[in-house]
Amino acid sequence: MSKSALITGITGQDGAYLAKLLLEKGYKVHGLMARRGSDSLWRLRELGVERDVSLIDGDLTDVTSLIRAMEMARPQEVYNLGAQSFVGTSWSQPILTAQVTGVGAVNVLEAVRIVDAKARFYQASTSEMFGLIQAAKQDENTPFYPRSPYGVAKLMAHWATVNYRESFGLHASSGILFNHESPLRGPEFVTRKVTQAVARIKKGLQKELRLGNIDAQRDWGFAGDYVEAMWAMLQQDEASDYVVATGTTTTVRAMCEIAFKHVGLNYQDYVVIDPEFFRPAEVDILLGNPAKAKAGLGWEPKTSLEQLIAMMVDSDLRRLEVSGS
Ligand code: NAP
Ligand code: G4F
């Protein structure tokens, strides 16, 4: 009998890569889908798995829809990837972010506990929880200091995961993932904003790229590598928390340099600093220590930042060639 999995956030970047990975492993994949006006299935389509997943209507803020999804999918594994995940928006919509990203995770944990407490649970935790970093290299023991309403909401979800593990014995694991990107990244995030602009500038469709704090540093990896760590966590006998990162950090400035150089351009000729994109509180630097994931899960990143950015720029160039604008 093949295993069944339920993914919240299946229409997002990670949801699409995880769905593909689980399908390749022979799972029956169910995805919770919040009804939207726009085409939210484009990522699943790009990976060629749109028709292979079963979509269930539901919303993280509606626990009854989550209970119903659990009853329909009867999953052995539940991956809670759904969230209002853009840090910038979390200052303009802090309550929505708290409800979807924070309370939403508790709703999923409750649905698991009520319908099938044996189902294994994965929480998409984040390096944003480290915020104002308390150690030069962050690992599972580094204290948290979130710097955005998003980070605060994720911290609630993280501790709820730990608490349901300790209170009810749920097999509930939290992946503290550092930034991970791909051609399926939303265009509001800085890597994709840059690679999309590089492609448009190269094709003569855009003249400049307006950015905020380009001195910020991030530990960037490839989403396709990171979903393998999520799956590996739920295959362990004991649930636990794991940092998933590359162990190197790079400035937004240097990432821009890589992206522009890939098409033979100099970023300094195009990047304009715009105060509109600065945040009320910044996470200046993130750098993860993935030693526990390496030792416990046998997980290591396979894709360098240069390979990742090249993949994203090439994909954005291809999309422009198809659409023409
Ligand atoms: P993403 O592309 O923004 O995807 C978020 C998903 O959540 C989308 O499918 C979205 O659906 C769904 N969603 C939003 N509000 C919802 C609601 N009320 N009910 C149900 N679903 C809802 O994010 P991602 O990059 O794939 O990240 C996946 C998860 O990992 C997120 O929880 C994120 O916070 C976390 N994370 C990401 C990173 C990273 O660097 N990517 C790092 C650490 C942690 P629509 O498409 O319909 O809006
Ligand atoms: O790409 P970003 O918007 O990602 P951020 O804020 O690090 O959050 C992402 O990673 C988290 C993991 O650490 C996830 F939990 C979260 O869901 C999300 O996926 O911004 C990266 C950096 C920031 O320091 C930002 O201030 O880039 C800086 N930046 C500079 N100019 C910009 C811009 N960010 C964006 N989005 N747009 C700019 O124009």
Side-chain angles (χ1 to χ4, degrees), residues 7-18 31-44 56-62 65-66 69 79-90 96-97 99-101 103-105 107-108 122-131 138 146-148 150-151 153-154 157-158 174-182 184-194 197 209-223 226-227 230 244-245 251-253 255-256 271-274 276-286 288:
I7 305 174
T8 75
I10 194 165
T11 56
Q13 170 188 258
D14 293 5
Y17 281 107
L18 180 64
L32 186 86
M33 192 172 92
R35 284 269 149 220
R36 309 273 186 226
S38 58
D39 175 19
S40 49
L41 297 178
W42 68 272
R43 292 182 174 96
L44 293 166
I56 303 174
D57 281 348
D59 195 290
L60 286 166
T61 59
D62 178 352
S65 73
L66 300 171
Y79 296 86
N80 183 36
L81 310 186
Q84 188 305 95
S85 80
F86 185 47
V87 172
T89 293
S90 76
L96 176 96
T97 303
Q99 284 167 345
V100 174
T101 306
V103 177
N107 284 339
V108 181
Y122 172 86
Q123 171 57 24
S125 286
T126 165
S127 49
E128 245 327 270
M129 301 187 308
F130 295 121
Q138 301 91 55
R147 293 270 282 171
S148 62
Y150 167 79
K154 279 287 183 184
H158 174 75
S174 182
I176 306 175
L177 269 54
F178 283 60
N179 298 51
H180 46 279
E181 322 292 312
S182 74
L184 303 185
R185 189 58 145 152
E188 64 274 35
F189 299 94
V190 76
T191 52
R192 183 77 201 292
K193 183 174 171 181
V194 169
L209 167 61
R210 303 186 84 82
L211 293 174
N213 176 17
I214 63 171
D215 293 318
Q217 290 176 248
R218 289 293 182 273
D219 181 331
W220 279 297
F222 172 47
Y226 284 38
V227 296
M230 298 178 187
V244 177
T251 59
V252 173
R253 183 192 301 276
M255 182 270 293
C256 287
V271 170
V272 175
I273 302 304
D274 185 338
E276 190 195 326
F277 298 108
F278 280 77
R279 294 173 175 177
E282 179 61 286
V283 172
D284 294 319
I285 176 167
L286 290 171

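Model, not experiment: these values are computed from the prediction. Whatever order the structure lists ligands and atoms in, that order sets their numbers, starting from 1.
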> Check for a donor-acceptor pair, side chain of Arg43 on one end and backbone N or O of Ala16 on the other, with a separation under 3.5 Å.
no
> Could you list the residues that satisfy side chain to side chain contact (heavy atoms under 4.5 Å, CB included) with Gln217, not counting sequence neighbours?
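Result, side chain to side chain contact (heavy atoms under 4.5 Å, CB included) vs Gln217: Thr249, Thr251, Ile285.
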> What class does the angle between the rings of Tyr79 and Tyr122 fall in, given that below 30° is parallel, 30 to 60° is tilted and above 60° is perpendicular?
tilted
> For Asp274, which residues count as a salt bridge (Lys or Arg N to Asp or Glu O under 4.0 Å) partner, sequence neighbours excluded?
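Expected list: Arg210.
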> Taking the side chain as everything from C-beta on, heavy atoms only, tell me whether Tyr150 gets closer than 4.5 Å to Thr89.
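The answer is no, as the side chains (C-beta and beyond) never meet within the 4.5 Å cut-off.
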> Do Asp14 and Tyr226 come close enough that some side-chain heavy atom pair is under 4.5 Å?
no
> So which protein residues pack against ligand 1 under 4.0 Å, heavy atoms counted?
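Those residues closer than 4.0 Å to ligand 1 by some heavy atom are Gly9, Thr11, Gly12, Gln13, Asp14, Ala34, Arg36, Asp59, Leu60, Leu81, Gly82, Ala83, Ser85, Val100, Ala124, Ser125, Thr126, Tyr150, Lys154, Leu177, Phe178, Asn179, His180, Arg185.
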> Given Ser148, which partner from the list Arg279, Glu128, Glu282 fulfils the side-chain hydrogen bond (donor to acceptor under 3.5 Å, both in side chains) test?
Glu128
> Can you find a pair of side-chain heavy atoms, one from His158 and one from Thr126, that are under 4.5 Å apart?
no
> How close do Val271 and Leu211 get, counting heavy atoms only, and between which atoms?
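Smallest heavy-atom distance, with atoms named: CG1-CD1, 4.0 Å.
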> For ligand 2, list all ligand N or O to protein N or O distances below 3.5 Å, rounded to 0.1 Å.
residue  : atom   : partner : partner atom : Å
ligand 2 : 1 (O)  : Val190  : N            : 2.9
ligand 2 : 3 (O)  : Arg279  : NH2          : 2.8
ligand 2 : 6 (O)  : Arg279  : NH1          : 2.6
ligand 2 : 7 (O)  : Asn179  : ND2          : 2.8
ligand 2 : 7 (O)  : Arg218  : NE           : 2.8
ligand 2 : 10 (O) : Asn179  : ND2          : 3.0
ligand 2 : 13 (O) : Ser127  : OG           : 2.6
ligand 2 : 13 (O) : Asn179  : OD1          : 2.8
ligand 2 : 17 (O) : Ser85   : O            : 2.7
ligand 2 : 17 (O) : Tyr150  : OH           : 2.7
ligand 2 : 19 (O) : Arg185  : NH1          : 3.2
ligand 2 : 19 (O) : Arg185  : NH2          : 2.9
ligand 2 : 24 (O) : Arg218  : NH2          : 3.0
ligand 2 : 24 (O) : Glu282  : OE1          : 3.0
ligand 2 : 24 (O) : Glu282  : OE2          : 3.0
ligand 2 : 26 (O) : Glu282  : OE2          : 2.6
ligand 2 : 31 (N) : Gly212  : N            : 2.8
ligand 2 : 36 (N) : Glu188  : O            : 2.9
ligand 2 : 39 (O) : Lys193  : NZ           : 2.8

